[in-house]
Amino acid sequence: MSELSQAAVKATAPHALRKINTRALMVEGRALLALLLIVVVFSLLSPNFLSADNLIIMTRHVAMNAILAIGMLLVILNGGIDLSVGSIVGLSGVIAGMLLEGLEIKSLDLFVYPAVWVVIVVSLGVGTLAGWVNGVVVTRLKVAPFIATLGMLYVARGIALLITNGTPFSKLRGEEGLGNTGFLTFLKGAPLGLPMPVWAMILFAAVFAVVLSKSPFGRWLYATGGNERAAELSGVPVKKVKTRIYVLSGLCAAAVGLLLTADLSSATPAAGEFFELNAIAAVVIGGAALSGGRGTIRGTLIGAFVIGFLVDGLVLVGVSQFWQQIIKGAVIIIAVALDQLQQTLQKRRSAKAAFSPPKPSERVPAPV
Amino acid sequence: MSELSQAAVKATAPHALRKINTRALMVEGRALLALLLIVVVFSLLSPNFLSADNLIIMTRHVAMNAILAIGMLLVILNGGIDLSVGSIVGLSGVIAGMLLEGLEIKSLDLFVYPAVWVVIVVSLGVGTLAGWVNGVVVTRLKVAPFIATLGMLYVARGIALLITNGTPFSKLRGEEGLGNTGFLTFLKGAPLGLPMPVWAMILFAAVFAVVLSKSPFGRWLYATGGNERAAELSGVPVKKVKTRIYVLSGLCAAAVGLLLTADLSSATPAAGEFFELNAIAAVVIGGAALSGGRGTIRGTLIGAFVIGFLVDGLVLVGVSQFWQQIIKGAVIIIAVALDQLQQTLQKRRSAKAAFSPPKPSERVPAPV
Amino acid sequence: MFREAASPPRADVVLRAVDITKWYGATQALKGVNFEVQRGKVTVLFGENGAGKSTLMKILAGVETPTGGHLELDGERIELRSPNQAVDHGISIIHQELNLCPNMSVRDNIFIGRERTGLFGTVDYRGERKVVQRLMERLEEDIDPSTLVADLRIGQQQIVEIARALATDARILIMDEPTSALSASEVEVLFKVIKDLTDNGVAIVYISHHLEEAIEISDHAVVFRDGELVATEDAANIDLSWVVGKMVGRAAEYDFRDAERDYGDVALSIRNLKVVDATGEGRLAVNDVSLEVRQGEIVCLYGLMGAGRTELVEALAGRGPIASGSVKLGGEDVAGTSITERIERGIGLVPEDRQRDGLVQSMSVGQNLSLSSLLEMTRSFLVSRFISGRREAGRIRDGISDVRVKTAGPGAAITSLSGGNQQKVVIGKMLLTGPKVLLLDEPTRGIDVGAKGEIFSLLFREARKGLAVLYVTSEIGEAITASHRIVVMSKGRVVREFDPRTASREEIMAASGESEVGIHPIGTPSE
Amino acid sequence: GSSGSDSASGSAASAAPASGGGSAGGTIAVITVDLANSYWQAEANTAKAEIEKAGYQATVNAHGADPDKQNQLLDTAISNKVKAVILDPAGADESVAAVQKATDAGIPVFLVNAEISQQGIAKSQIISNNAQGATIGAEAWVKAMGGKGKYVELFGNPTDNNAQVRSDGYAAVISAYPDLKKVGQETANWDRAQGKEKMEGLLAAHPDITGVIAGNDEMALGAIEALTDAKMIDKVKVLGFDGNADAVEAVRSGTMVATVLQPIVQGTTNAVTQAVEYLKSGKTGVADEKQSIDCVLITKENADKYTAPFVLEK
Ligand SMILES: Nc1ncnc2c1ncn2[C@@H]1O[C@H](COP(=O)(O)OP(=O)(O)OP(=O)(O)O)[C@@H](O)[C@H]1O
Ligand SMILES: Nc1ncnc2c1ncn2[C@@H]1O[C@H](COP(=O)(O)OP(=O)(O)OP(=O)(O)O)[C@@H](O)[C@H]1O
Ligand SMILES: [Mg+2]
Ligand SMILES: [Mg+2]
C-alpha cells in the first residue's frame, strides 16, 4: 500500500477510506502485531524491559538501523536493493575519524584540522558520492542493483581499510586550540533526554514520509517500482529517480556512519559490517515488497523496532547466543509469513459473506 | 540466452541457429573475456600462475564455489535467491563431524558410530531438508525468497553452533574397529590427479546442464522464471518446481559442506560464512538475470572461474589485502557491465546490417 | 508507390509523417510510409496484425524513433526524442498494451509524470482528484479515483488509459485499440467523447480490429499491409468488404455458421457453479451458473464487462477457487484437480490477458508453443524422461502452421511478434495439448479480421473433429457469426440462451443488460 | 618475572639474523588473522619488518579466522614456492590439515599467537600464554574489586578457542572469591560495537554491577563506552585483554583497571628469527616446538612504559 493512496484516503469517499485502511492495516498490521508480541513477551520475562532507560537505549539501537532502513526502503520501493550501506557506514565513519585526527599534507608538510561541521559535511559527502556511483552503475551501465551494490560493498570497505590501514582512529575529541572540538559532544548529546541517533531517526523519517507522500518525486518512485515501462512512457524521468534513491541511501548510510563513530568514540574500518541485512529485514517486515512499488516509512520504522527490540530483548533475558540467532531468523520469517496468513483469512471471510443472500444490487434483471 | 533455446535450435532452421548462438555468445562472451583477461594478466605477473599444480589448486578452490553457484543458478533462474547456502554448508559439515565422532544415546548410554556412507547420506539429507524448508516457506507461506532464506541463514547457522557449542569436530578419521573410516581418504582423494571437489563440480555441472536443457523440469524452470502466471496457466506445476529448486540448492550446499569438512579435516560451525555472495556473483557474472528466466550452467561455471582465479591470482602476485577487496568489487561490476556494452554494440551492428536488403531467409512469409 | 497518400499539404493537415521507415533488427516494420493526420477529423488505420500500425503510432508519439524519414507538425519539421516531447507538442497516445502501475490509484496513474503541484511543490491531490472525477463522469464510469488499478477489471483499466490520454488536452490524440476490452455501451460513450473532441478541432488517429465500429467512427480510412500504406479513402465510400479486401488482399471468410448437425454427448457440464469475486468484497462473480457444452459444439459466452465470464472460465480451468457447484468433464467430476491435471484431462484455457497470463516473454516462439505439452514430447532415457528435440521441433512446426503464426522461425523471440500473432501462439499452445474442451477468453482481442477468420475456421475444424469450445466475447457480430449457441451472462448469472441463426443483435444486447446501443448494425458480409 | 627473561632471549635472538641477513633471499609468507585489527596489524608489521631485515621479501595476507580461506592462502603460498610461512592459525583443529599440507610440500611453517592441536607438524609454535595472562589479569581485577560485587563477562567469538581459554582463566581465579557473583555473560565476538551494545543490554538487566571482565580490549572498550554513557564508569571496574593502544590509553585515564599485554611483537620476532635460522641451518635453534611466552599485566603504574603498539619497555 503506498503512502500515496493513504494520502489519497483523506480525500475519498468513506467506503473507499475503509477499504484502503484495511489494506494499509493488512500490510502493517502484522508488523505491529509482531512488535506488540515482542514487547509483551519480554516485559513479562524481564521487569527491566519496559524501564524508561532501557526503552531509550533500545530505541537508540533501533535508530541506526531505522535510518539505514529508510534509505533502503527508497531503493526497495524502486525494485532495487542496496547491499553497500554497511560498507558506506564504515567508510564515512573512517573519513570523519581521519579528518578529526588531522589531515597531513605531505607536500607542504603541514597538518590541516578541519572544523567539525566541515568534517560532518565531507563524510556525508563521501557517503553520498558512493551512493551516486551505485546509482550511475545501475542506471548507465545497467548493472543489476544487487551486483552493483555488492561490488560497492567490497570497494568501499577496501577503501576504508586502506585509509585506516587497519587501525582505528580514536582521538576524536579534537582540541580547543585547533578549533575542531565538539564532534563527540554534539553527536553523543541527548537533547530533551533523547539521544542524537533517535532525533536523527525522527528527522529522516519525517522528511522522507513527506517526500514519499507529498512530492512528485515520491509518486515517481512508486510508479517506477510498480511498472517502470509505464512510468517511462508517462514521462517519468526514470533514470534520474533511480540515481537519486541510491544517492539518498548513501546519505542515510553516511549519517549512520557518523552517529556510530561518535557512539563508539572511535572510527574503525570494520564498522557497519552486515548492517545491510538488518536494514533489509526491517523494510520487508515493515510490509514492503522486494519487487518494488509497495512500502511505507511507517511500516519500515515498525520493522526496525521489531528487529531491534527482539535482539536487545533476547540479550536482556539472557538467551544463549546461539539461540538468539535461531530465534531472530525464525521471527523474520514468521513476521513476514503472518501477512500471507492474514490474506487467506481475509479471503475466507469474504467467501463466507458471499453466501449470505444476495444484496439487491446483485439481483438478476428479469429476462427480457 | 538459455540452454533451452539452444536445445530447441538444433531442431530449427539454420539461420535461427546462427542467430541464437550469437545471443548465447553475447551473454557468456563477456564472462569468457573477463576470464581470459584475468588469466593473461596474472600469468604475465607471476610465472607460477599457469603451473599445472597451481591450476589444479585454483580449480579446487573454484570447484566448491562452482557447486554452490550451480544450485544458486537454479534458484535465480526461477527469479528467487538463496542466502542460506553458506549456513547450510556449515550445518551439513557439522552434522557429518558429529556423526563421525560418534553419536551418544543418553538413554541407553551407548555410542553409535554410523558407517561413512550413512554419514554422507544423512548430512546430505539435512542440507536437503533445510532447502526443502526454504522451498515450503517460499511456496506455501508465500514469503519472499530473500527473506525466507535470510531467516534460514540465521537458523541453520544457529543450529550448527548449538550442535558444536562453538568448538569444531576434528576426529574425522574414524577407527577401523568402529568401521567408520574412509571419510577423509574418500573425499580428500584425487582420482586421475583431479581432487574430489573438481570431480564433484564436473558431476554436478554435467547432470544439471542436461536437466536444464533436456528435461521438462528444466523447461518448466525457465518458464516459471520468465512469467510465473503464464507458466501456471500452461499447466506447469509451479509450486513443485519452486520447492524442488530450493531442495536442490540445499543439496549442492550440503555437498560442499562435506567436501569442505574433508578438506579441513575438521567440521567447524563457522564454515561457509558468506559463501552465498561469491556464489551469487558467479551466477550473475555468468550472464544470468536476477529477474529469472535467463542463465546457463556453462556461464555460471565461467563466472565461478572468474572469481576464483581473480582472488587466488591477487594473492599469488602479492597484492595488498585491502586492494584485493577493492579490485574484487570492481571486477564484479565491470564483468557484468561489459554485458550492457556488448548488447549496445550488438544493437548498433544489427541496425547497420538492417540497411542491407533482408536475406530471403529473413523475409516474413506472405499472409496466406 | 501510393502517391495519393503524400498529396500536397492541405491547410487542415496538422501532423504529417514523411517516408517513414522502421527496422527492428532484421525485420522491417515500416517501408517508407507517408501519412497525414487532419484537424478535427478521425483517421482510422486498418491493417492485419503486424502490418505496422502500432509502430507508426509509436513513432508519432515519440516512443520509437524512425530509422528513416521525418515528421512535420503544422508544416514544420520536428524531432521527437521522448514521449514527453510529443506531449509538449500536443500529441498523446493510448497504447495498444495497457501501461499502468497496478500498485497505484487511478488518480496517480492518470497524473504520473504530469503532477499538478500546489504550495511548496507538493502534489495537489484534491485538484487531481477533481479532474479525474470529471473525466470519469465524461466517460460515464463510476470508478473512484483512489481505487488501486490492480483492483480494476481489464476493461476498467482500459478506461483509465483513455482518461489519462484525455487528461493531457492533446491536439492530436492517438488511440491504438482503445476498445479491445470494452463492451458496446462503453464504446458508445467513447465515440461520444471522440465526437466532441473532433468538434473542438482535435485530430484523432484510431486503430481497431472491430471493423464495423472503426468504420462507423472514421472520417478517413487508411489501410496498411506489410509495413506499407496501401490505400486511403474517405469514410463516405468505404464499407466492410472494401476494408477487408484492402487489408487481406482477398475477401476474408467471415461467417462460420455451418449446416445443422447433431453434436456428440456432453463434454462439459456445469451445475450450480458459484465463484467468489477476486476483490474479496464478498460478492459472487459467478452466481449459480449451470451450463452444458457438447462435443463438437461451439458455445459463445456473451456479456458486458464485469459479467463474470472471466471468473467462470478461469474457475473451469482450475485458476480461481470454486465456491460451490460441480464441474464434470466427460462425465467425471474435476473437483479439486489442479490446472495441470485438468489440461491432462483435456480442458485448457486461453486467457484474457495474453501479456500477463499467456506468454513467457523470455522464451522463443517455439518454446511458448510447446510449453503445455512437453510431456508428450519426451523420450524416457535412463532414470527419467527427456525432451526429444526432433519430436518437439515437429510439433512446433505443426503448431506454427496450424494457427498460421507470422514469425521468422521457432527460435525467434516471442516479443518480436505483433499482438495478433502472439495471441495465435497462445491458442496454438493449448491446441497442442489435444484438448477435449477448449476455453477461450476474448480470443480475438486485438486480432485482425484475417486472423480472426483463421482462428475461427480453426476452431470449427477442431469442433468437427469433436472438440467442445466455450469462448468469451464482447463483440456481438462475432457472437452471432461464429457460434452454435450464444449464452448471455449478466451480473454473474446466465440470463438467457440464443440460437445465433434466429437471434437478433438487439435481443442479445438487451438480454446482456446493455442499454439500447447506437452502433447501427453495418451488416456483416453475410447479411 | 618469567616474561622478563623471555623478552630478553627474544631481543637477543632478534639481533642475530640482522648480521646474517641479505645472504638469503626469497619470500616468506605471513598469514595473520585480521588486518583490520590493531593486534594483528602489529603482528603482521613486526613480521614484515623482521623478515625484510633478514633479507627476505614478505607477503602479508589475512584469513579472517576462516579456515577455508587459510587453506587457500597456504595453497597459494605453496604455488608461490615461498621459503617459509609465518602463520597465526585459524583454529587449533581446523588448521592442522592446512599446516600439514604446507609441511608436506616442504615449506616450514612457524606458528605465532595461537597453537594447533597437534605437534610435530609445524616447526615451532610460539604462543602467548593466554591462561597465565587471564590469571594475572583476573588477579589485578579482583584486587580492584575488593574481592566482592556483581559482575558480567563479555565473551569472545565462541568459535575461537582463546575465548574459552581466557574465560576459564578468569573463572579459575575468581572462583576463589565467593562474594564475586557473575550475573550475566554475553558474546560480543571480539568486537567493540557489539561490546557496547551487549553491555548496554546487560546494564539494563543488571544495573547494580560493579565489574566487567572482557575477553579482549575491543569488547572492553565497547563496555567502557556504554558505562560512560550510563555515567557508571567510575563505579564499574573493567578488565581487558591484548594491550592495544586504545586500551592502554584507557588504563592511563583510569577507565580500565588493567589489560593484559600479549607479547605479540616479541613472539612474532622470535618466530621470524627461528624461521630464518631454520632456513640457514635446518634447525630452529630452539629446543622445543611449543614455546609459550607469558603475558604482561598493564596497569596505571607501568602504562607509560608502553611506547609502541604492543611493546612494553622494561
Ligand atoms: N520491439 C520489436 N522488436 C522487433 N520487431 C518488432 C517490434 N515491434 C514490432 N515489431 C515487428 O514490426 C511489425 C509491425 O508490428 P506492429 O506492432 O506495428 O503491428 P500492428 O499493425 O500494430 O499489429 P497489431 O494489429 O497486432 O497490433 C511486426 O512484424 C512486428 O513483428
Ligand atoms: N482483476 C480483478 N480484480 C478484482 N476484481 C475483478 C478482477 N477481474 C474481475 N473482477 C470482478 O469479477 C467480475 C467479473 O470480472 P470480469 O469483468 O473479468 O468478467 P468478464 O465478464 O470477463 O468481463 P471482461 O469482459 O472484462 O472479461 C467483475 O464484476 C469484477 O468485480
Ligand atoms: Mg498494434
Ligand atoms: Mg473477462
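These values consider heavy atoms only, across backbone and side chains, with no hydrogens, waters or symmetry-generated copies. Per chain, numbering begins at 1; letters A, B, ... match sequence-line order.
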Engaged part of [X] at the chain B interface, taking heavy atoms whose separation is under 4.5 Å:
{"X": "C:M430", "answer": "side chain"}
{"X": "C:R385", "answer": "backbone"}
{"X": "C:E341", "answer": "neither"}
{"X": "C:L359", "answer": "backbone"}

*Tell me, do C:S370 and B:R219 make a side-chain contact under 4.5 Å, heavy atoms counted?*
yes

*Does any non-hydrogen side-chain atom of B:Y222 lie less than 4.5 Å from one of C:V360?*
no

*Check for a donor-acceptor pair, side chain of B:N227 on one end and backbone N or O of C:D357 on the other, with a separation under 3.5 Å.*
no

*asked:* Quick one: does any side-chain atom of B:S234 pair with a main-chain N or O of C:S372 as donor and acceptor, under 3.5 Å?
replied: no

*Residue among C:L371, C:T433, C:D353 with most heavy-atom pairs under 4.5 Å to chain B*: C:L371

*asked:* Counting heavy-atom pairs closer than 4.5 Å to chain C, which one of B:G292, B:G226, B:P216, B:P237 comes out on top?
replied: B:P216

*What part of B:E232 is in contact with chain C, defined as an atom under 4.5 angstrom from a non-hydrogen atom: side chain, backbone, both or neither?*
both

*asked:* Rounded to the nearest 0.5 Å, what separates atom CG in B:L233 from atom CZ in C:R356?
replied: 9.5 Å

